[in-house]
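Here the structure is laid out as structure tokens; the discussion comes afterwards.
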Amino acid sequence: MKKFINDPADVVAQALDGFAAAHPELRVDTAQRYIARADAPRPGKVGLVSGGGSGHEPLHAGFVGAGMLDAACPGEIFTSPVPDQILAATRAVDGGAGVVHIVKNYTGDVLNFQLAAELAADEGITVETVLVDDDVAVQDSTWTAGRRGTGATLLVEKIAGARAEEGGGLAEVAAAAREVNAASGSFAYALTAATTPAAGRPGFELPGDEIEAGVGIHGEPGRHRERLRPARELVRTALDAILAAKPFDGPVILLVNGLGGTPLIELYLICGEAARYLAERGVPIARRLVGNYVTSLDMAGMSLTLCRATDEMIRLWDAPVRTPGLRWGA
Amino acid sequence: MKKFINDPADVVAQALDGFAAAHPELRVDTAQRYIARADAPRPGKVGLVSGGGSGHEPLHAGFVGAGMLDAACPGEIFTSPVPDQILAATRAVDGGAGVVHIVKNYTGDVLNFQLAAELAADEGITVETVLVDDDVAVQDSTWTAGRRGTGATLLVEKIAGARAEEGGGLAEVAAAAREVNAASGSFAYALTAATTPAAGRPGFELPGDEIEAGVGIHGEPGRHRERLRPARELVRTALDAILAAKPFDGPVILLVNGLGGTPLIELYLICGEAARYLAERGVPIARRLVGNYVTSLDMAGMSLTLCRATDEMIRLWDAPVRTPGLRWGA
Amino acid sequence: MDVALAREWMRATAAAVAAGADRLTRLDAAIGDGDHGVNLNRGFTAVVAALDQEAPPTVGEVLAKAGSTLMSRVGGASGPLYGSALRAAGRALPQTSAVRPDELVAALRAGLDAVRKLGGAAPGDKTMIDAYAPALDAFEQAVAAGAGLAQAAAAAARAATAGAEATVPMRARKGRASYLGERSVGHQDPGATSASLMFQALSDVSQV
Amino acid sequence: MDVALAREWMRATAAAVAAGADRLTRLDAAIGDGDHGVNLNRGFTAVVAALDQEAPPTVGEVLAKAGSTLMSRVGGASGPLYGSALRAAGRALPQTSAVRPDELVAALRAGLDAVRKLGGAAPGDKTMIDAYAPALDAFEQAVAAGAGLAQAAAAAARAATAGAEATVPMRARKGRASYLGERSVGHQDPGATSASLMFQALSDVSQV
Ligand SMILES: Nc1ncnc2c1ncn2[C@@H]1O[C@H](COP(=O)(O)OP(=O)(O)O)[C@@H](O)[C@H]1O
Ligand SMILES: Nc1ncnc2c1ncn2[C@@H]1O[C@H](COP(=O)(O)OP(=O)(O)O)[C@@H](O)[C@H]1O
Ligand SMILES: [Mg+2]
Ligand SMILES: [Mg+2]
Ligand SMILES: [Mg+2]
Ligand SMILES: [Mg+2]
């Protein structure tokens, strides 16, 4: 394993130190392990807290700031944060108007956030939990863990964050977040496996000309393995899967997302193919974002996310945001 | 080779299409192959043009926009653009106040920009050329090709861009750019080789526990090969090399840059180590930026850049910028 | 089981998890995200430290302390699940410095109920439950048949190991492995494997 | 050399570059950035197309057109260098439909001067010059000794190949390979290799 680290056991703590050094404009609590806006808690403002395993950077810490999250809790690599940590972040951003937990739908994340919400309730903090489960590669069913939360998390955090910033109440902010999630679908391909510092070797072996289709963001294998095909075909297959899962009967926000090890030039090429195919399918693109935003360590791969965007969502998407990972209008 | 492409020969053209789809706010001339601000040329404003081989994204196309470049010319992968292309971009942004060419110091870039500048002069456009040569891994000498232009290019483009935006004249903008370059030094490590689409295989073989020290941004091997060491030690060696090359007797801008395949969590860890060591060495950090900005396709690696920043440079660094790759205050 | 034995159990579990961390992580890499060994190792190391520092006076408090430590140190799916299992088990015990085997049966049953309630998984879903449930059944039957702790724990350990192995052909319906669908078949569940380590540790420390 | 032969030369160079593109790229990957074969292949493909389309009426215009095409299609270091070499050579020739060997010598000398002026490299710097210069010297000596084009070009081709091979032990002082310092030693320069392909092509088309 070749990584710029000192000791596999200390990666998250040391990266958090570095994040603090890189972003003095944010408050980093290295003991309790959360990142919060410097001005938190803001009286009367609904607080937005997210978190999850580390290794998905810039998600979530990179999305803390004006117009997006109030706090983020990074767990160990690919391991959800613990309830104490989530509780500390929740406390830190509660301005009396309640707190929304944005939780990607993984058993670990769901359980730890649930326990934290119970602890917060014991302290008199009202918490609304919003689950993100946009990954159409996984079949939804009440008998399974359900769909995974992936690329749409960025959209949920951005749009709900804007709603909270402009003074939306707890129910409104949570509703905005749920609407975005309900309107979104994602699908991902991996060209290589990810290597966690602790494991020290790639999560799976992938022969030279094979790829994994329908992967998540935790280095796990996908739904099936297939031969590498031209980007044009992969984009079409991915978009077909997304378009089949939900009605996309109007303008969309398109996220072309790299999984960490994919160069931007490939993501732009993918964006071009996606734009062409969506035009063919008659789906107008209202907004688009291209980059490595919801990642899986060093995995070479990409995900496409579509969100069927209402005018209101687009208005909130366009609203100012000032975070390390996403910034405009401010 | 596993990449999200259709045909190795068409990567640059198709990525440019995708860039156009991703950034309707910019003007993309796919025939002449340049990207320009939508409002170019701005009468009376000094135009800033940069360019170079593709494969370094977001450099340079991602830095076109208010407060930074007026135009960028992407060449083939790792191949400098051709004079016609540079000339077209120069024409497109000449508002009558002259144009600054920001050129990374590589023989190909230097020659092609030089030929373009001669052609522009023939048309009555005044061009000032600024060379960027910040890579301290290479010994400077009039008998060689000299030092390479790497991470400092971003700083030069940002600061000179801000100076041009606020109405600086041709000589002033060029002087600002040269000052930043003169005040900067960079050093890079690679953990893996890059794979160009045309070659289809990694540029060099690197055994499991070895790294290349003193690499550039074109997938070439470095100055020497060594054993992987903890990030802390690599950061110290890199900073020692930079600090020895130029006087850093005051506040610096620190750029922690990934070479394309390095996850952000490692870059943050590196930033933490750099901040600690600079504090030890008594070098104050005025500003810092962490991310994959000046890349080498899919290479896993990192570079550190220091710029000894005057108050004026910091003022210009802080000025608003609105580009796909760098954005604040606007 | 007295307080000393309860602590020995936790200590032996920590040792087994440390020794088996690589294997657990490899199993998790195959059908999950490759962190189960690291997660539990971090957790049980903290459990041993917490028990050394606090020395809870009752068996119930030992288990509850272990549970809350896992809960606040592990994260992931296994942290809350093992955490609430041990916490629920500890709280179900009488506040005494030693407990009878049948009291332990009831406590472990409360722990299993907590796991099922929190995680929503049923037997056959390819989770820790598929080792825990048969182990507990074997333990209960042995105790009902008059066996002592050593004998009952040995039966439970055997059932846990068999239960873990029986997860190999299962298709996962809960946890990360469920995302793999058909591809989860043919691999042993990491959580079921770690559960079998816990019952094996109980058996080991119970033998005299 | 008449116009037809000049065009044959460019076509044969294009074919040799296409056939050798992989080798040139591999050589460039070792001490440069691995694009030299792709660069020249793109360039000479365009040269052939341009010459087919325009059919320049003089040898000088053939070479000048080839040069300006390389200049505007190749990029990198080799584009301007080969481009200005051929452009300068073409411009140095009389505007006639055929040129004498001694006129070709002078033209190729003008081309070399252009490369040296633009790139600033000297013999021994491990560049295309280390094949180009000895080839031209051999060509000139043969012509001065009264040899015809075929014989002189064959001598030039031999000298170019030897010159390219002689770059192996050199330490690069110009171009990308210079960044490698000592590590550039032991590899043949890609540009010197492509220069030898050009002279070999000249020799091939000159034989009757
Ligand atoms: N809903 C559930 N109920 C019971 N056990 C579960 C459930 N989900 C996951 N598990 C268990 O947790 C184990 C994985 O734990 P771990 O790898 O530490 O967490 P994570 O899946 O969050 O990475 C699985 O092997 C499985 O036995
Ligand atoms: N200053 C120079 N003078 C002469 N030839 C040079 C010079 N710099 C580079 N070259 C030649 O150019 C070749 C590399 O060309 P190419 O790979 O196409 O361009 P780049 O180096 O820009 O990638 C080198 O092998 C060398 O022979
Ligand atoms: Mg996990
Ligand atoms: Mg090149
Ligand atoms: Mg796991
Ligand atoms: Mg090259």
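Letters A, B, ... mirror the listed sequences (proteins, then strands); counts begin at 1.
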Self-check item: Side chain, backbone, both or neither of A:P24 within contact of chain B (heavy atoms, under 4.5 Å)
Solution: side chain
Quiz item: Which answer fits A:R276, side chain, backbone, both or neither, if we ask what part of it has an atom under 4.5 Å from a heavy atom of chain B?
Solution: side chain
Quiz prompt | Under 4.5 Å from a heavy atom of chain A, the part of B:L234 involved | solution = side chain
Exercise. Examine the side chains of A:N6 and B:E233 and answer whether a donor and an acceptor come within less than 3.5 Å of each other.
Key: no
Quiz item: Can you tell which of B:M1, B:R322, B:R229, B:E273 has the highest number of heavy-atom pairs within less than 4.5 Å of chain A?
Solution: B:E273
Quiz item: So which of B:G62, B:A21, B:S296, B:G18 has the largest heavy-atom pair count under 4.5 angstrom toward chain A?
Solution: B:G18
Self-check item: Interchain contact, B:I265 with chain A, by part (heavy-atom threshold 4.5 Å)
Solution: both
Practice problem: Sort out for me which of B:G325, B:G291, B:C271 touches chain A most, counting heavy-atom pairs under 4.5 Å. | Solution: B:C271
Practice problem: Enumerate by number any residue of residues 251-264 of chain A whose heavy atoms lie under 4.5 Å from heavy atoms of chain B; in the absence of such residues, state 'none'. | Solution: A:G260, A:G261, A:T262, A:P263, A:L264
Practice problem: Just give me the residue among B:T192, B:L289, B:D298, B:V290 that pairs up with chain A most often, heavy atom to heavy atom, under 4.5 Å. | Solution: B:D298
Quiz item: At a heavy-atom separation under 4.5 Å, does A:A275 approach chain B through its side chain, its backbone, both, or neither?
Solution: side chain
Quiz prompt | More than 12 heavy atoms from other groups under 6.0 Å of CD on B:E280 | solution = yes
Quiz item: Relative to chain B, which of A:G301, A:P320, A:S54 shows the most heavy atom pairs under 4.5 Å?
Solution: A:G301
Self-check item: 4.5 Å side-chain heavy-atom contact, B:P324 and A:Y268
Solution: yes
Quiz prompt | chain A contact via B:L206 - side chain, backbone, both or neither, heavy atoms under 4.5 Å | solution = both
Quiz item: Does the side chain of B:K2 come within less than 4.5 Å of A:I211's, by heavy atoms?
Solution: yes
Quiz item: So which of A:V235, A:D17, A:T295, A:L228 has the largest heavy-atom pair count under 4.5 angstrom toward chain B?
Solution: A:L228
Quiz item: If we only count heavy atoms from C-beta on, is the A:R288 to B:H23 side-chain gap below 4.5 Å?
Solution: no
Quiz prompt | Most contacts with chain B, counted as non-hydrogen pairs under 4.5 angstrom, among A:H56, A:R287, A:E210, A:M299 | solution = A:E210
Exercise. Say whether, by atom type as modelled, one donor and one acceptor occur between the side chain of B:E266 and the main chain of A:F4 under 3.5 angstrom.
Key: yes
